[in-house]
Amino acid sequence: MAETLDIVKDIVKSLDSKKGEDIDVLDISGVSVVADYFVVASAANLPQLGAMKDDIEEKMHKDFGLDPKNVEGSRSSTWILLDYGDIIVHLFTREDRAFYNLERIWKDGKKVEI
């Protein structure tokens, strides 16, 4: 099985290929039992947000045999969460990302440069 950080890198590549904005990876393993990593990204609009979600789900299934344990939000949502266990992906519209500011809430996590 692939290492968790390798999967995170693949998610970041997927987001980048769909023109995801402000892609951040937070290592929260030292501050939470919820997950090891949060991947956070913004989209300019709802169609882009949906495309990012679809691409991640497709690549995770194809490349690693992984399907999300849980998905919160739909194609019309402004915040979509994909739960892959050790990795949780948060996809936002720009406005909702600024409003919820997960990076501030999880500031004790370490930012990972990918």
Side-chain angles (χ1 to χ4, degrees):
M1 170 128 180
E3 293 291 324
T4 303
L5 193 54
D6 292 332
I7 297 170
V8 168
K9 289 176 183 177
D10 209 50
I11 290 170
V12 169
K13 284 180 193 173
S14 171
L15 291 168
D16 190 55
S17 76
K18 293 297 178 191
K19 308 291 189 230
E21 302 170 352
D22 300 321
I23 303 167
D24 285 331
V25 175
L26 300 173
D27 178 345
I28 61 164
S29 62
V31 295
S32 177
V33 296
V34 173
D36 290 338
Y37 295 96
F38 276 176
V39 179
V40 186
S42 303
N45 52 52
L46 293 180
Q48 181 187 15
L49 196 67
M52 290 163 51
K53 171 197 173 289
D54 292 346
D55 197 59
I56 290 170
E57 286 183 309
E58 181 181 312
K59 287 186 179 192
M60 291 299 97
H61 182 79
K62 180 180 161 223
D63 296 348
F64 302 105
L66 295 174
D67 294 310
K69 295 178 182 198
N70 191 29
V71 176
E72 295 289 333
S74 65
R75 293 193 73 75
S76 62
S77 298
T78 56
W79 179 1
I80 297 173
L81 179 146
L82 300 167
D83 180 355
Y84 286 97
D86 291 340
I87 304 163
I88 298 178
V89 182
H90 297 272
L91 306 174
F92 291 96
T93 57
R94 292 174 184 153
E95 298 79 19
D96 273 19
R97 177 148 180 204
F99 179 79
Y100 289 106
N101 197 358
L102 287 184
E103 291 88 344
R104 180 187 55 78
I105 295 169
W106 291 95
K107 68 180 184 264
D108 292 336
K110 294 179 235 164
K111 191 166 184 175
V112 177
E113 295 299 324
I114 304 275

Trainee: Suppose we screen for salt bridge (Lys or Arg N to Asp or Glu O under 4.0 Å). Which residues come up paired with K59, at least two apart in sequence or across chains?
Mentor: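 D55.
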Trainee: Suppose we screen for side chain to side chain contact (heavy atoms under 4.5 Å, CB included). Which residues come up paired with A43, at least two apart in sequence or across chains?
Mentor: Q48, L49, M52
Trainee: Tell me, please, which residues at least two apart from T78 pass side-chain hydrogen bond (donor to acceptor under 3.5 Å, both in side chains).
Mentor: D96
Trainee: Let me have the donor-acceptor pairs involving side chains of residues 99-109, under 3.5 Å, with sequence neighbours excluded, atom names and distances please.
Mentor:
{"unit_1": "N101", "atom_1": "OD1", "unit_2": "R104", "atom_2": "N", "d": "3.4"}
{"unit_1": "E103", "atom_1": "OE2", "unit_2": "R97", "atom_2": "NE", "d": "3.2"}
{"unit_1": "E103", "atom_1": "OE2", "unit_2": "R97", "atom_2": "NH2", "d": "2.4"}

Trainee: Hey, what else clusters with V33 if you join Ile, Leu, Val, Met, Phe, Trp, Tyr whenever side-chain heavy atoms sit under 4.5 Å?
Mentor: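 Hydrophobic cluster check, V33: no partners found.
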Trainee: Would you kindly confirm whether V71 and F64 end up in one hydrophobic cluster when ILVMFWY residues are joined by side chain heavy atoms under 4.5 Å apart?
Mentor: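 In one cluster: yes.
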Trainee: Apply salt bridge (Lys or Arg N to Asp or Glu O under 4.0 Å) to D54 and list each qualifying residue two or more places apart in sequence or on a separate chain.
Mentor: R75
Trainee: Once salt bridge (Lys or Arg N to Asp or Glu O under 4.0 Å) is applied, do any residues pair with E21, and if so which ones, sequence neighbours excluded?
Mentor: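 Salt bridge (Lys or Arg N to Asp or Glu O under 4.0 Å) list for E21, sorted by chain: R94.
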Trainee: Apply side chain to side chain contact (heavy atoms under 4.5 Å, CB included) to D27 and list each qualifying residue two or more places apart in sequence or on a separate chain.
Mentor: S29, Y37, K110, V112
Trainee: Quick one: list whatever passes side-chain hydrogen bond (donor to acceptor under 3.5 Å, both in side chains) with K13, sequence neighbours left out.
Mentor: none
Trainee: Are V8 and I114 side-chain neighbours, meaning at least one heavy-atom pair lies under 4.5 Å?
Mentor: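 Yes; the side chains approach each other to less than 4.5 Å.
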Trainee: Scan residues 64-73 for pairs that pass side-chain hydrogen bond (donor to acceptor under 3.5 Å, both in side chains), counting only residues two or more places apart or in two chains.
Mentor: H61-D67, N70-E72
Trainee: Do I88 and L81 come close enough that some side-chain heavy atom pair is under 4.5 Å?
Mentor: yes
Trainee: Check whether any side-chain heavy atom of L66 sits under 4.5 Å from a side-chain heavy atom of I7, and report yes or no.
Mentor: yes
Trainee: Which residues pass the side-chain hydrogen bond (donor to acceptor under 3.5 Å, both in side chains) test with S76, not counting sequence neighbours?
Mentor: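 Partners of S76 by the side-chain hydrogen bond (donor to acceptor under 3.5 Å, both in side chains) criterion, ordered by chain and then number, come out as S74.
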Trainee: With sequence neighbours excluded, what pairs up with E57 under the side-chain hydrogen bond (donor to acceptor under 3.5 Å, both in side chains) test?
Mentor: K53
